[in-house]
Amino acid sequence: MSSSRTLVLASASPARLGLLKLAGLDPRVIVSGVDEDAITAATPAELARVLAEAKANAVVGSGALDGGELVIGCDSVLELDGEALGKPKDAAEAVARWQAMRGRSGVLRTGHCVIDTTSGKQVSETASTTVRFGTPDDEEVAAYVASGEPLYVAGAFTLNGRSAPFVEDIEGNAGNVIGLSLPLLRRLLAELGVRITDLWV
């Protein structure tokens, strides 16, 4: 197992950064710039993983690294009726999304990819959490969409924001819904020979 390494988060998500900081990590943030709409896959779970891999690899190839970093890429989609739902394109789509989700369950898929730039080794996996939505009425949905929050998050909701009262229950890791599964990250780092505790600051 290695000693302390520099961690890089290939994501602009403040929620992911917040989760890592709460877990004792202090990654450098480098946004990947990947065009998510240009990437496709056979299933929502595979799409989440491929997007995470694309983000991590984009940062590795960006020329912004000093060498020796561990790069984390993540991406989330909500699977509903077999379809992968990312960030809604506009307010109308966010309203329609909530009208379709309320009273039902979906699966939040978050792809995780970690690249060790020293060895060049890459590991990746998708974590899945089932989310049971409540039944906000039309006025509540309109108020939530008007807040702007759902336009910036996969599935048009988050557990740690204004939509929290509209999520009845989850089955699986809560952090995964927010944007990153810390247990999965620990396992992926271990595959690369790194203890997550060695990355604590």
Side-chain angles (χ1 to χ4, degrees), residues 10-19 32 34-56 72-113 124-185 187-188:
S11 171
S13 166
R16 290 191 182 110
L17 179 61
L19 285 168
S32 68
V34 167
D35 180 4
E36 299 175 18
D37 294 333
I39 295 175
T40 59
T43 66
E46 185 181 345
L47 177 62
R49 179 181 55 79
V50 171
L51 283 165
E53 291 172 348
K55 289 182 174 183
I72 303 171
C74 293
D75 199 86
S76 301
V77 297
L78 177 70
E79 180 174 348
L80 191 71
D81 297 326
E83 185 181 354
L85 305 174
K87 300 179 186 73
K89 291 180 171 55
D90 54 31
E93 186 173 319
V95 169
R97 187 84 57 83
W98 265 99
Q99 288 172 341
M101 296 188 311
R102 59 188 172 188
R104 303 179 62 203
S105 293
V107 181
L108 201 291
R109 313 275 190 189
T110 299
H112 299 62
C113 175
S124 59
E125 192 176 322
T126 298
S128 301
T129 303
T130 299
V131 181
R132 186 163 60 87
F133 297 102
T135 54
D137 62 30
D138 288 346
E139 286 188 14
E140 289 171 318
V141 168
Y144 177 53
V145 172
S147 78
E149 182 182 273
L151 300 179
Y152 300 100
V153 286
F157 80 100
T158 180
L159 280 185
N160 61 340
R162 291 174 188 259
S163 59
F166 309 142
V167 177
E168 291 292 329
D169 194 19
I170 66 166
E171 182 180 338
N173 182 264
N176 187 57
V177 181
I178 296 169
L180 186 148
S181 167
L182 289 162
L184 176 54
L185 176 61
R187 293 195 299 272
L188 293 176

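Sequential numbering from 1 along the given sequence is applied to the chain's residues. A quick note: this is a predicted structure, and the numbers were derived from the prediction, not measured.
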Query raised in the report: If only atom types and distance count, is the side chain of E83 paired as donor or acceptor with the main-chain N or O of L80 below 3.5 Å?
Result: no
Query raised in the report: Is a salt bridge present between E46 and R109, judged by a nitrogen-to-oxygen distance below 4.0 Å?
Result: no
On a heavy-atom basis, which atom in [X] and which in [Y] lie closest, and how many Å separate them?
| X | Y | value |
| --- | --- | --- |
| V77 | P44 | CG2-O, 3.6 Å |
| W98 | A156 | NE1-O, 2.8 Å |
| G111 | T126 | CA-OG1, 3.9 Å |
| S13 | S11 | N-OG, 3.1 Å |
| S128 | V107 | CB-CG1, 3.8 Å |
| E149 | G161 | OE1-CA, 3.5 Å |

About how many Å separate [atom2] of [Y] and [atom1] of [X], when rounded to the nearest 0.5 Å?
| X | Y | atom1 | atom2 | value |
| --- | --- | --- | --- | --- |
| C113 | L51 | SG | CG | 11.5 Å |
| S124 | I72 | OG | CD1 | 13.5 Å |
| T130 | E79 | OG1 | CD | 9.5 Å |
| H112 | C74 | NE2 | SG | 4.5 Å |

Show every donor-acceptor pair shorter than 3.5 Å between a side-chain atom in residues 85-93 and any protein atom, with sequence neighbours excluded, or say none if there are none.
residue: D90; atom: OD1; partner: A92; partner atom: N; Å: 3.3
residue: D90; atom: OD1; partner: E93; partner atom: N; Å: 2.8
residue: E93; atom: OE2; partner: R97; partner atom: NH2; Å: 2.9

With sequence neighbours excluded, tell me which residues meet salt bridge (Lys or Arg N to Asp or Glu O under 4.0 Å) with [X].
| X | value |
| --- | --- |
| R187 | none |
| R102 | D138 |
| D37 | none |

**Report entry** Residue pairs fulfilling side chain to side chain donor-acceptor pair (under 3.5 Å) with at least one residue in residues 155-167, sequence neighbours excluded
**Finding:** Y144-S163, T158-N160
Query raised in the report: Any side-chain heavy-atom pair from D81 and R104 closer than 4.5 angstrom?
Result: yes
Under 3.5 Å, side-chain donor or acceptor atoms of residues 164-183 against the rest of the protein: list the pairs with distances, not counting sequence neighbours.
residue: N173; atom: OD1; partner: G175; partner atom: N; Å: 3.0
residue: N173; atom: OD1; partner: N176; partner atom: N; Å: 2.8
residue: N176; atom: OD1; partner: T110; partner atom: OG1; Å: 3.4
residue: N176; atom: ND2; partner: L108; partner atom: O; Å: 3.4
residue: N176; atom: ND2; partner: A127; partner atom: O; Å: 3.2
residue: N176; atom: ND2; partner: T129; partner atom: OG1; Å: 3.1
residue: S181; atom: OG; partner: L184; partner atom: N; Å: 3.2

